[in-house]
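Hydrogens, waters and symmetry mates play no part in the numbers below; they use all other heavy atoms, side chains included. In each ligand, atom 1 is the first atom listed, and ligand 1 is the first ligand listed.
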Amino acid sequence: MNLSCPVCQHSLDVEEDRYRCAICDRFFAMQAICPDCHQPLQVLKACGAVDYFCVNGHGLISKKRVEFSPLLESL
Ligand SMILES: [Zn+2]
Ligand SMILES: [Zn+2]
């Protein structure tokens with residue numbers, strides 16, 4: 001996974017469950033995206049496992065198929 005900063009296009013570092021741009025010194029949340037409709041997925045956390053659910057009719061999405069995009073965290 002090699003994502004670039006939406007602000008400056010520098011490649012983002014992964015820090016635990018979020019991204020960091022060393023140039024902007026900003027953090028970005030990992031937004032899970034449905035590979036079929038490209039809408040944000042609902043993240044369901046249960047017993048240490050994480051499931052991704054598409055509310056647009058695609059149901060549970062396997063983690064291998066989930067697309068992630070950086071989402072600027074509000075300050
Ligand atoms: Zn940046
Ligand atoms: Zn979907």
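- The SG atom of C37 and the ND1 atom of H58 meet at the Zn ion (ligand 2) at an angle of about 110°, given to 10°.
- Across all their heavy atoms, Q9 and S4 have their closest contact at O-CB, 3.4 Å.
- Among the backbone and side-chain atoms of C34, an N, O or S atom lies under 2.8 Å from the Zn ion (ligand 2).
- Counting heavy atoms from C-beta on, the side chains of R65 and D36 come closer than 4.5 Å.
- Angle subtended at the Zn ion (ligand 1) by C21 SG and C8 SG: 100°, rounded to 10 degrees.
- With 2.8 Å as the limit, C24 counts as an N, O or S neighbour of the Zn ion (ligand 1).
- Residue C5 comes nearest to C8 through the heavy atom pair SG-N, 3.3 Å, listed as atom of the first residue, atom of the second, then distance.
- Looking at R20 and D25, a side-chain N of the basic residue comes within less than 4.0 Å of a carboxylate O on the acidic one, giving a salt bridge.
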